[in-house]
Each structure stands twice: as structure tokens, then as C-alpha cells.
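Computed from a predicted structure; not experimentally measured. Values below: every heavy atom of this structure, side chains too, minus hydrogens, waters and symmetry copies. As the structure lists them, so they are numbered: ligands from 1, and atoms in each ligand from 1. Sequential numbering from 1 along the given sequence is applied to the chain's residues.
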Amino acid sequence: MKSLKHLTVIVIILLGGWACQEREHHDTNSEVEDKVAQLLSEMTLDEKIGQMSQVDPGVFGGLENLKKVVRNGQLGSVLNLIGAKEVNELQRVAIEESRLGIPLIIGRDVIHGYRTIFPIPLGMAASWNEDLVRESAAIAAKEAASMGINWTFAPMIDVSRDPRWGRIAESAGEDPLLNSMVARAMVQGYQGDDLSDPLTIAACAKHFVGYGAAEGGRDYNTTVISDLQLHNVYLPPFKEAVKAGAATVMTAFNEINGIPASGHQRNIREILKDDYGFDGFVVSDWASIQEMIPHGFARDLKHAGELGLAAGVDMEMSSRSYNDHLKELLDEGKVKMEWIDDAVARILRIKFRMGLFDNPYVDESLADSLLVHPQHLEIARKLAEESVVMLKNENNVLPLKKGTKVALIGPLADQPYEQLGTWIFDGDENDSQTVLEAFNEFNGSENVSFAEGLEYSRDKSTNGFAQVEKAIAQSDVVVAVVGEEAILSGEAKSLAELDFVGAQAELLELAASKGKPVVMVVMSGRPAGLYKTQHLASSILYAWHPGTMAGPALANLIFGETAPVGKLPVTFPKGEGQVPVYYAHKMSGRPADASTWTHIDDIPVQAVQHSLGNTNHTLDYGFTPLYPFGFGLSYTSFEYSDLRLSSEAVSEGENLMVTATISNTGDVEGTEIVQLYTRDLVASYTRPVRELKNYQRVTLAPGESKEVSFELEARQLGFYHPDGKFVVEPGQFHVWVAPNAAEGLQAEFELK
Ligand code: NOJ
């Protein structure tokens, strides 16, 4: 039956029928619950504790030793076991040789693709394209599943407001709504609508919670988050992930207000499990239970295990406090048997839902037909195209005409590995198509003079600059692909300074000095510091780390086969000293505007203390960021007009229609991401100056206009009090239909 099933899967794949695989009978919830209860009643305490442990094979010095532990029923999960054959081998021991035959769940970080690498999640978020994000996760799931992986540690949905933090690359940026979109899309993509389908994998929403608020942007750092922020900013994406059916949730490394996230009883047991009704299981981050010792929260490993279980962490990743101490803790009455039973029931529930008991093995031949399939590359290209944000296009330098003589320079123009970005354990640079390759193919190699100038982004040697000058001399336009290498963002890759590393600023200066238009393409895992260099380019395409298909995506954009649609998922600061800077900030009692700010260079010597505006700004950077959240240009221009509301007042339970006309005022077709923001003017707790409530894509031919309407529910105007209670308060609201968080048409209405 099994091989027949896999044959069916392959045939369907060959026919291109990706979505419609053979469905087997899968258990209903009550059947699953009966099976969980039955199995639990047969388990010894040791077997239960085994289910609650997850290790990397390295811990036991390889597969053979691992088999012994699995045979004894002392392990519930393995992470980073590579290869379908190896997974089957170990799974066979669990199924056939352990007393109860409970399958293992096999975890791996599949973060933005498995072999086919999509843009980093921050780039995906810049597409604001839920369908494509979902599709990319579904592809990642298929590829990973074909290698025996049945659980990914994604999506990462930590609201991230600090570009110094290297893990901003893995997030959907600064906004709760956009992170919620990615949460939903990825959970649905990885898990499909049937977790027992052999080509879906379990998702893991992480890192619960507040990890993105690391002080100073330094990874693993302390966070101080008010309950108001926790409920309104950091928790909503997790609530959405739970609603979308996320099978698992991972706790974070950080402490929040003095309590480590992996020992946080209120957050895990009360909010996640009780209030949100999460019935999957919670896994710790790598040794984050043990790390409660250096945090100064646990005395020793035993105490850490006690705190982790009390808090509601069901499975321990990597460290061994549960394995080594739970029995003893139970004997001493420090942990409750019902906590252990609940944790094991949750783990078994997910294993049953995944169909692992009925279908524990992977077809070892599946990967050949699935990995980097052309259809996967096609979606990777599309998503890479849509993730690119055009920040600037003076004199409409872009798009270039095909056949233009181009000097292609910069350390990232032909770096198949670097363009993939962080967290690509299973990506292969040999699959990558670089900008140079795509330019040669698209524009004709005779029209491309390539000189990278710097060997890698941190290169400080200017030895290659002479070649760059030659290339520019033979060309009409310069395309400079700059930014940061993959290793400079991601986990533990925080930076204190955001400006371009190495001699890239000098390279851009050289390019700009030749009097030819410069197009800057930035590949980066974070918002780079562009303040000091952006004037050197006429056009800027912000490409993040675009993945396997970076080259074709950028060539299509640069030569106008398609137009940019991406919008920033995060505010770009003028410099790191302006951080934190995000659009949904609170209004100061002394808000700044142009009339109250004097630039530092214009302040008269010995000016009297109060002769300058006493408002909320800095003397050097003023009060606006470099680029606002939601910003992004296209090859055409859009005009927003005629904002109208269905009513000037709405009551709870009613909806307000907010409509505006969007016109394409340029010469080419374009797609605009139209954004809806609101502000609650007076509330029992102050509310942000703007909050994103919704968005829509509209594609317009030159000269065409369309009405874009948003239905705003009164409920969307509510917020959480610090105790987690959701309130909708009457009063006046502002509403904007806008191209970004700093502009737009504004109206006012009353919520009765
Ligand atoms: C640590 C990271 O914080 C987490 O995101 C990842 O999933 C685990 N390691 C497993 O690799």
C-alpha cells in the first residue's frame, strides 16, 4: 500500500497536479484523542519522559548510539538528521524495535526554502503577497518531506524593530499585521489542509515571545516589554499562527521583564495554551531551558527542568534537564504527573495528526523528482521579483532598454552562495542563478562589462577598482550589486553599524564619479544604512537576499520585463542612532514638525537654550526616518484621490466602508499595494499614531483608475488592555488610505 501510494504521488507530480494528492482516511479529532489516551495509558514514566526529549544525533556520537536510545523508547524527536534513508533507518527502530512503536518527529530549520531557496522572510514580507508566501512554504514542505523531514522550525514571527538585530532577516519586520499575514501563510503552506499528507510538514511558530525586542539589537539579549506592548504588538502574530492551526510553538531564548521566555508560566500556560486554546505542543529553543541557569533564574539543570515544565514547555530541545531530572522532580513532588501527561498527550496528538503512526516512512526516491523542480524555481523567481523594493528612480533610469551597455560591478553581482542569505542549511549554491549570469543571458554578454571591484562585501582592498573603471568606460549605465554577505545576518549576527561594510562606499563613489547613471542593487539581510551613499545612485533596488533565483528576478526588473511592486516591511533609519524607529510609535506630548526643528548645522553659536523647538526630534536626523514603512516605487506613478467613508459614525457591530480612487498616472502598467491605516485619537491607553489594518493590491493600466474599498469592522479598532482583555472603545478615529505609513488621504469618523 505504501509504495503504491508513493507511486501515485509521483505520477500526480509528473502530471503537474501539485495540489491534489491522494487523500487517505485520516482520524477525526475524537479518534485522535481516543488513541492518545489509550497510548498514554500504556506508557511507562520513562517512555513519557523520552517523548519529551529532542536531540541532535551528534549528542550521542552518531546514529548507532542514537538507535539504542530510540529502541528504549527514550526519545521523541531528532533534529538535524539528514537524508531520507537515515531517517527511515532510525524510524524503523522506533516503530519496529521500541516497545510501543511510537514514531519519531524529525525536525529541521527549513526557513525560506529547502533546496529551492526563496527570498529571506523579510524579503517575502516585502512582497505583501500572501499567496506567494503560502506557495513558497508549500514547496519547502514538499522538498523537505522528500528528505524525511516532517517538522520545520518556522515561521519565525517575531516583530522586529531593530535592523541591528541579525535575526530581523528571518522575520516579517516591524508590524504585527504583516507578521500575522506571514504566520498564517506559512502555517497554511507548510501544513496544507491535511497534516497527514506525506508532502506536508508540521510548522513551528517561533520564538515565543518578544525575542525581537532584544536590547541594543544584540541577539539573545534581555527584553523589557510592557504588557500593553506584549498583547498589542508581540503576541498577535502567535495568536494568528494558532488560529491557522500551527502544530507547534517554540519558546524564545530571551528573558522578558525578568522571566526567561522558556520558564514563563503566564505566557505559555495561561496565554498560549489556555486563552488561545493552543492544543499542539511547545518545544524549547536549543538548550533554552538549560540557559535559565546563566540567566540567573534556575539554580542548576534540575531546577531548570522544573521551571521549564511548570511553565508548560512540552519538549526540550538539545539540553537534557527533562531526561535527567523529571523522574526525581516527580518523586519530590516538584512537578505534577498531570503536567507530564499533558505534555506527552500534546506530542502524541501531533504525531497522530501527522499520520506518522500509519505512514512513518518516506519514499527514498521522492527527492529526485522534487528538489529544485522547475516549477519551484518559477515560484522562487516570482517571489524574488515581488520582494524587491524600489526606493529611488531619478530620471526614470530604470528600466533599462535591452541591449544597453552595462557595467556590472559590486561584490554581490556574481556570488551564488551569498545571494541565498541566512538559514539555508540545505540550499546549494550550484542551483543559484546570479545577476551576472542572468544579465549575460538577457542582455547579451557583449553588452555586459563585468568587474566586481571587491571580492566580497567586507573586502577593503581597492585593487580591483582599475578594472571597474575600465568596465564603466565601455558602458552607458552602471549596475552596482552591493550589500552584505549571507554570514552577516541571521542568528547571533548583530551589528552596531548599518553602513555598507568593506570598501563598498568607495566603490559607489568611484562609480558615481564617472558621470553615468548608477543603479544600486542592495542584497542584505537587514535595512542597510543608506544615508551616506544613496545620493551616489540614481536608482536603488532593495533586494534583501533574494535566494536561488536572484539573477533572473533582478534582470527581469532591471530590463523592465516586470515592474517593482514590493513595499518596505520595516522602516529604514537614517542611522543606527535613530533606532528604534518604527511607524506605529506613540505620539509624544511634544510632537515634532518642520517648524520646530533646526538642523544641527544651522543652530546659531551660543543660541539661547529655548530659542530652538523643544520637540521630539534629534538635532542631526530630525524626526523622520530615511524611508517609511510601506514605502516602495514602481515604474509608473499612482495618484490617490477621493477618499470617502460610508458613514461619519459607526456603532459596534457595524462596518465602515472606506473607499478611495487609485489612478495610474504614468505610461506603463503597474501594481500598487494600497494600505489602510487608522488611529484611535483618545483611548484609555494611548494608541500608536498609525496602525496598519489591511492592504490590497491593485493592478492598473496606464491612465486607468479603480476604486479600492476596505471594509473596516468596528472590532478592528479595538486593542488589548495590559491584562489581555480586548476592548473596543468609542471615540474619534482617523483613517488613511495610503501608499505608505507617512503619506495618504486622511478622514475622520466616530465609533459610537
Ligand atoms: C536556535 C534558533 O534560535 C532556532 O530558531 C532554531 O530553530 C534552533 N536553534 C534549531 O536549530
Region of Glu491 engaging ligand 1 - heavy atom pairs below 4.0 Å: side chain
Side chain, backbone, both or neither: the part of Arg108 lying under 4.0 Å from ligand 1 by heavy atom: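 Arg108 to ligand 1: no contact under 4.0 Å from either part.
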Tyr220-Trp286 aromatic ring centre distance below 6.0 Å: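 Judged by ring-centre distance (under 6.0 Å), Tyr220 and Trp286 do not meet the cut-off.
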Within the 6.0 Å centroid threshold, strictly below: Phe208 and Phe238: yes
Those atoms of ligand 1 less than 4.0 Å from some heavy atom in Lys206: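 Counting from 1, the qualifying ligand atoms are 4 (C), 5 (O), 6 (C), 7 (O).
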Per-atom contacts, ligand 1 versus Phe153 - under 4.0 Å to a heavy atom: 7 (O)
Contact with ligand 1 for Met156, non-hydrogen, under 4.0 angstrom: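 The answer is no: ligand 1 sits nowhere under 4.0 Å from a heavy atom of Met156.
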Ligand 1 contact by Arg167, heavy-atom criterion under 4.0 angstrom: yes
Protein residue, atom and distance nearest to atom 1 (C) of ligand 1, heavy-atom basis: Asp285 OD1, 2.9 Å
Protein contact of atom 7 (O) of ligand 1 - nearest heavy atom, named by residue and atom, plus distance: Asp109 OD1, 2.6 Å
Min N/O separation His207 to ligand 1 under 3.5 Å: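 There is such a contact, yes.
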Test of proximity, Trp423 against ligand 1: N or O pairs below 3.5 Å: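 The answer is no, given that Trp423 and ligand 1 share no N or O pair closer than 3.5 Å.
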Flag for Glu316-Ser53: side-chain donor and acceptor within less than 3.5 Å: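 There is no such pair between these side chains.
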Between Glu386 and Ser127: side-chain donor-acceptor atoms closer than 3.5 Å: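 Note: Glu386 and Ser127 side chains miss the donor-acceptor criterion.
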Lys/Arg cation over aromatic Phe153: Arg108, 6.0 Å, 45° cone: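 No; the conditions do not both hold, so Arg108 does not lie above the ring face of Phe153.
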Cationic tip of Lys206 above Trp423 ring, under 6.0 Å, 45° of axis: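 Yes, cation above the ring, under 6.0 Å and within 45°.
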Note: Glu89-Lys67 ion pair, threshold 4.0 Å (strictly below): yes
